[in-house]
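First the structure, in the form of structure tokens, and then the observations on it.
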Amino acid sequence: MKSKDTAISPTRKENYQDWYLEVIKAAGLAENSPTRGSMIIKPWGYSLWENIQSVLDGFFKETGHENAYFPLLIPLRFFQKEAEHVEGFAKECAVVTHHKLEMDDAGKLVPAGPLEELYIIRPTSETIIGDAFSRWVQSYRDLPLLINQWANVMRWEMRPRLFLRTAEFLWQEGHTVHSTSAEAVEETLQMLDIYEKFAKEYLAIPVIKGQKTPDEKFPGADTTYTIEGMMQDGKALQCGTSHFLGQNFAKASEIKFITEEGREEFAWTTSWGVSTRLIGGMIMTHSDDDGLVLPPRIAPVQVVILPMYKNQDDKPRVMEYAQALLQEINSTSYFGGKIRARIDTKEMKGGDKFWNNVKKGIPVRIEIGSREMDQNVLSVGRRDLPARDRLKISKEEFIAQLPQMLEDIHQSIYGKALANLELNTKVIDSFDSFVAYFKDSENSGFASCYGSIESVDQEELQKTLKDLKVSPRCIPLATIEDKGTCIFTGKANQPRIIYARSY
RNA sequence: CGGGGCGUAGCGCAGUCCGGUUAGCGCGCCUGCCUUGGGAGCAGGAGGCCGCAGGUUCGAAUCCCGCCGCCCCGACCA
């Protein structure tokens with residue numbers, strides 16, 4: 001094959017959507033399955049999820065949460081209890097109506113045994129967990145109740161996209177119960193902080209912490225908080241949400257407790273979640289026209305050794321050297337863990353092997369062959385730098401510098417993402433410039449402007465936003481005290497709202 | 001769920017309008033030779049219910065009907 005300018009085609013500039021799908025394919029992260037809207041997560045993609053799980057699970061446990069598991073199927077009557085919740089999710093619920101299959105006359109399997117009690121496949125678990133909580137919570141002594149579940153959920157999406165929006169997806173959902181409103185709000189914000197920390201420190205994704213406007217909040221929540229990231233095409237991606245549910249679900253599920261004073265009161269609940277969408281966000285934030293770029297702290301393999309040998313006679317010597325190098329790397333640490341390294345032993349031509357590992361996004365590549373061995377150096381490539389650049393460095397120096405190199409890569413890709421976010425966030429002062437900002441470009445980015453909650457109910461504004469495909473993403477917590485005149489309604493003393501196109 | 005495009009080998013496609021030998025091509029895969037540090041070359045080989053199911057016909061990848069899936073644009077969303 002002729003050598004190409006970029007390993008991925010089309011490039012981001014040529015067609016961002018197709019580029020995204022190609023990156024996933026080339027890295028072997030996931031593929032479509034025979035089941036509509038549901039993806040097959042391949043080992044390389046799943047190992048990313050495993051790392052996400054293990055880090056977050058640690059954070060959850062450090063903050064006193066325990067894992068539990070609730071059923072996949074939720075009795076329809078439970079789901080019915082919270083009106084707003086129903087309105088939000090009813091349209092995308094898969095329903096289980098039968099409990100067996102029978103062969104018809106034509107020899108085809110058909111559903112039989114209709115269920116008396118219908119079930120939905122959980123789109124989220126507030127209702128069935130709430131039912132359990134109503135029994136678990138009796139007294140103020142049972143509170144707070146801090147539960148998390150790792151699970152799959154299903155939302156029958158009209159337009160699925162790998163990782164970003166699939167009918168079935170993997171996530172964690174935290175569900176907590178508190179005796180006071182203030183404590184529940186505190187929990188909601190604590191978990192939002194954990195998500196922000198995780199996004200920044202592990203996925204190297206800069207995010208804006210904010211509050212959702214009423215039209216964008218979780219159905220049934222009093223307040224929804226979000227972390228919003230900006231992809232390389234300027235679109236927003238909601239990377240995680242944390243909800244203060246008030247007493248809505250407590251009332252729907254009868255979660256009541258006896259206070260110290262002996263009064264019976266409804267409890268206050270929260271829920272919060274992140275999903276496999278994070279993987280999509282990570283891909284879109286960092287990857288380039290040569291494929292996936294993995295943040296070092298979450299990469300399943302942080303360093304890959306590529307043995308290059310001219311012939312089978314040369315192989316033992318190179319492999320032996322590679323093994324020894326692997327041992328040395330494995331005995332070094334980065335960010336609180338042993339450095340994860342492996343040798344790519346696949347029998348492949350040098351060039352193929354090289355580009356495969358580029359496309360997999362492995363942060364550091366080491367090529368060793370007789371050339372390096374004779375000179376007693378390593379050829380080292382960093383995934384955040386052009387693929388063809390190599391650093392010649394002695395083994396000793398490399399081992400000594402490796403932790404810092406991984407750290408540099410993390411900082412470098414985070415820095416690039418942050419620059420993208422900052423460069424493409426514009427302060428907008430008027431309705432006209434708001435419209436112009438989004439009309440001028442498909443890849444506008446974020447508009448930060450004073451907006452009122454009421455403005456979302458204005459029909460004319462609704463239409464304008466719809467035409468521009470723009471929606472309010474959040475009211476950033478960082479600027480929540482910064483008040484001004486709403487550019488849509490003229491109402492004074494309103495907070496800044498981030499508007500953007502989104503995934 | 002509406003509008004548009006598309007389903008042919010693992011991947012990317014031609015052939016479909018206008019039905020007619022044995023369904024092709026490139027990449028990949030296997031074998032051998034030759035190569036070997038930047039996605040090599042030559043030779044040989046394997047691999048297809050032409051998305052699924054009906055229909056029209058002597059004959060269907062090709063025409064008609066239905067269904068399923070994928071991509072794009074709307075409506076909806078983590």
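Source: prediction; values computed, not measured. A note on names: the letters A, B, ... follow the listed sequences, proteins ahead of strands, and every chain is numbered from 1.
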Looking only at the side chain of [X] (C-beta and beyond, no hydrogens), which of the listed nucleotides [options] gets closest?
| X | options | result |
| --- | --- | --- |
| A/Lys469 | B/C71, B/G37, B/C73 | B/C73 |
| A/Lys359 | B/A78, B/G39, B/C72 | B/G39 |
| A/Met308 | B/C77, B/G37, B/G39 | B/G37 |
| A/Arg390 | B/C73, B/G38, B/G39 | B/G38 |
| A/Phe169 | B/C77, B/G37, B/A78 | B/A78 |
| A/Glu157 | B/G37, B/A78, B/G12 | B/A78 |
| A/Glu92 | B/C77, B/G37, B/G39 | B/C77 |
| A/Lys349 | B/A78, B/A40, B/G39 | B/A40 |
| A/Arg155 | B/G37, B/A78, B/C71 | B/A78 |

For a quick check of understanding: with a heavy-atom distance under 4.0 Å over all strands, which category does [X] fall into, base, sugar-phosphate or nothing?
| X | result |
| --- | --- |
| A/Gly381 | nothing |
| A/Leu306 | nothing |
| A/Ser33 | nothing |
| A/Gln172 | nothing |
| A/Ser370 | base |
| A/Ser275 | base |
| A/Ser379 | base |

Any side-chain to backbone donor/acceptor pair from [X] onto [Y]? Under 3.5 Å, distance only.
| X | Y | value |
| --- | --- | --- |
| A/Asp389 | A/Leu385 | no |
| A/Arg155 | A/Pro123 | yes |
| A/Arg388 | A/Pro386 | no |
| A/Glu14 | A/Thr11 | yes |

What integer distance in Å separates [X]:[atom1] from [N]:[atom2]?
| X | N | atom1 | atom2 | answer |
| --- | --- | --- | --- | --- |
| A/Leu468 | B/C73 | CG | C1' | 16 Å |
| A/Met348 | B/U36 | CE | C1' | 15 Å |
| A/Lys25 | B/C71 | NZ | P | 11 Å |
| A/Tyr16 | B/C72 | OH | C1' | 18 Å |
| A/Phe163 | B/A78 | CZ | C1' | 14 Å |
| A/Tyr20 | B/C70 | OH | P | 15 Å |
| A/Gln238 | B/A78 | CD | C1' | 6 Å |
| A/Glu22 | B/C70 | CD | C1' | 14 Å |

Need the pair for [N]. Rule: Watson-Crick or G-U wobble, both distances under 3.5 Å, any strand; none if unpaired.
| N | value |
| --- | --- |
| B/A14 | none |
| B/C34 | none |
| B/G2 | B/C73 |
| B/G7 | B/C68 |
| B/G59 | none |

OP1 or OP2 of B/G38 under 4.0 Å from side-chain N/O of A/Arg371:
no

Side-chain N or O of A/Arg161 less than 4.0 angstrom from OP1 or OP2 on B/C71?
no

[N] and [M]: how far apart are their [atom1] atoms, nearest whole angstrom?
| N | M | atom1 | result |
| --- | --- | --- | --- |
| B/G26 | B/G47 | C1' | 16 Å |
| B/C34 | B/G39 | P | 22 Å |
| B/A46 | B/C25 | P | 13 Å |
| B/G12 | B/G51 | P | 14 Å |
| B/G10 | B/G48 | P | 8 Å |
| B/G15 | B/A61 | C1' | 8 Å |
| B/C76 | B/C1 | C1' | 10 Å |
| B/C63 | B/G5 | P | 14 Å |

Verify salt bridge (charged side-chain N to carboxylate O under 4.0 Å, His left out) between A/Arg317 and A/Asp374, making sure each step is shown before the conclusion.
CA-CA 11 Å; A/Arg317 170 167 168 257; A/Asp374 295 343; 2.9 Å; yes

Take A/Arg473 and A/Gln17, find for each the nucleotide of RNA chain B with the closest heavy atom, and name the residue whose nucleotide sits nearer the 5' end.
A/Gln17

Could you check A/Asn356 against A/Lys466 and say which one's nearest nucleotide on RNA chain B is further toward the 5' end?
A/Asn356

Please confirm whether A/Lys91 makes a cation-pi placement over A/Trp156, using NZ or CZ under 6.0 Å from the six-membered ring centre and within 45° of the ring normal.
no

Looking at A/Tyr321, is A/Lys395 sitting on its ring face, NZ or CZ under 6.0 Å from the six-membered ring centre and within 45 degrees of the normal?
yes

Matching residue for A/His243 among A/Phe218, A/Trp268, A/Tyr225 - test: ring-ring contact (aromatic ring centres under 6.0 Å, His included)
A/Phe218

A/His65 pairs by ring-ring contact (aromatic ring centres under 6.0 Å, His included) with which of A/Trp272, A/Phe59, A/Trp150?
A/Trp272

